[in-house]
A.B. asks: 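Handing you a structure now.
The basis for the numbers below is simple: all heavy atoms, side chains too, and nothing from hydrogens, waters or symmetry mates.
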Amino acid sequence: MALGALTTAGVVNAEGGAEAGSTGVLTNVVGASVGNQGAVSVEAELAALLQERHGLEAEFVKPTPIDGLYAVFIDGDLFYMTKDASYVLDGRLVNTQTQEDLGEKMKMEALVKRYRELPLDRAVKQVVGNGERKLVLFSDPACTYCRMLEHSILKAGNVTAYTFVVPVLPQGPVSVEDIVCAKDPSRAWADWMSKGVEPPKQAAGCDNGVIEANLRLARSYNLRGVPFILLKDGSTVGGSVSAEQLDRIIK
């Protein structure tokens with residue numbers, strides 16, 4: 001968890017001590033606001049401070065309705081910091097007038113942004129039918145449910161699937177390296193997952209930089225199992241789904 005690099009819980013001085021009495025829940029103060037003037041520079045400075053002091057890369061920094069408090073999204077976690085990165089709060093940000101969880105809203109905004117910027121060049125690409133619908137997922141060649149999802153994709157049709165191949169399970173007759181390091185990874189993936197045709201074995205010394213990068217991306221989603229589908233609205237679906245279900249979620 002990214003916050004672990006800064007603190008354990010509650011309101012904390014990021015340079016040392018903790019302040020007692022925090023509940024970890026921060027409610028909206030009616031009438032409080034953050035001006036737009038200088039907001040962009042403050043966000044950039046806060047991101048730079050996090051990188052410099054803690055080696056953390058912020059994907060998303062955004063002002064909250066509370067003056068001087070910023071939402072920061074790192075490795076799938078959202079928390080709040082003062083603009084000088086001296087204090088951090090882990091908890092909920094609730095508008096008391098509407099009861100809206102602003103933190104959840106901002107987290108989904110961050111996940112939508114991440115989805116748009118996914119490194120799809122590292123994914124195995126398959127086009128089914130006219131490919132007009134986009135599907136992004138994590139999968140493992142040793143996963144039975146992943147094979148079931150592949151058949152659902154074929155049945156649903158008109159899908160372009162981008163698969164980040166990751167070693168989550170104990171490897172079977174076909175390893176992640178056999179797919180990623182193949183001459184044509186997309187063909188190797190389709191042959192194995194849909195037809196049961198094993199690709200040629202890859203040498204132990206093949207470049208597995210793509211695998212390591214995919215694993216880092218998977219960890220940023222707190223991935224615990226496969227298949228794992230990413231949707232454009234920032235939400236995710238764990239496990240295999242039928243062709244009919246797939247039609248509904250990627251329409």
A.B. asks: Kindly compute the distance separating CZ (R116) from CG (L111), expressed to the nearest 0.5 Å.
C.D. replies: 12.0 Å
A.B. asks: Is there side-chain contact between T163 and S186, with at least one heavy-atom pair below 4.5 Å?
C.D. replies: no
A.B. asks: Calculate, to the nearest 0.5 Å, the distance between atoms CZ and CG belonging to F228 and D140 respectively.
C.D. replies: 14.5 Å
A.B. asks: Whether the side chain of Q99 engages the backbone of T96 through a donor-acceptor N/O pair (distance < 3.5 Å, no angle test) should be reported.
C.D. replies: yes
A.B. asks: Is R92 paired with E104 through a side-chain N to carboxylate O contact shorter than 4.0 Å?
C.D. replies: no
A.B. asks: Return yes if some donor-acceptor pair links the side-chain N/O of Q171 with the main-chain N/O of L169 below 3.5 Å, else return no.
C.D. replies: yes
A.B. asks: Quick one: does R133's side chain get under 4.5 Å of D247's, heavy atoms only?
C.D. replies: yes
A.B. asks: Can a cation-pi geometry be assigned to R114 and Y221, taking NZ or CZ under 6.0 Å from the six-membered ring centre and within 45° of the ring axis?
C.D. replies: yes
A.B. asks: Taking the side chain as everything from C-beta on, heavy atoms only, tell me whether F164 gets closer than 4.5 Å to P119.
C.D. replies: yes
A.B. asks: Less than 4.5 Å apart, side chain to side chain, heavy atoms only: is that true for C143 and F138?
C.D. replies: no
A.B. asks: Considering only heavy atoms from C-beta outward, does the side chain of L46 approach that of K83 to under 4.5 Å?
C.D. replies: no
A.B. asks: Check V176, V166, V165 against I211 for a side-chain contact (heavy atoms from CB on, under 4.5 Å) and give me the one that passes.
C.D. replies: V176
A.B. asks: Hydrophobic clusters here meaning ILVMFWY residues chained together by side-chain heavy-atom distances under 4.5 Å, can you tell me if L215 and V174 are in one?
C.D. replies: yes
A.B. asks: Looking at S175, is its backbone amide N or carbonyl O close enough to the side chain of D178 to form a donor-acceptor pair, meaning the two atoms are under 3.5 Å apart?
C.D. replies: yes
A.B. asks: Given 3.5 Å as the limit, does a donor-acceptor pair link the side chain of T64 with the main chain of L69, or not?
C.D. replies: yes
A.B. asks: Using atom types as modelled and distance alone, determine if a side-chain donor or acceptor of E150 lies under 3.5 Å from a backbone N or O of A190.
C.D. replies: no
A.B. asks: Under a single-linkage definition using a 4.5 Å side-chain heavy-atom cutoff for Ile, Leu, Val, Met, Phe, Trp and Tyr, are L217 and I229 assigned to the same hydrophobic cluster?
C.D. replies: no
A.B. asks: Say whether W192 and I153 are linked into one hydrophobic cluster, either directly or through other cluster members, by side-chain heavy-atom distances under 4.5 angstrom.
C.D. replies: no
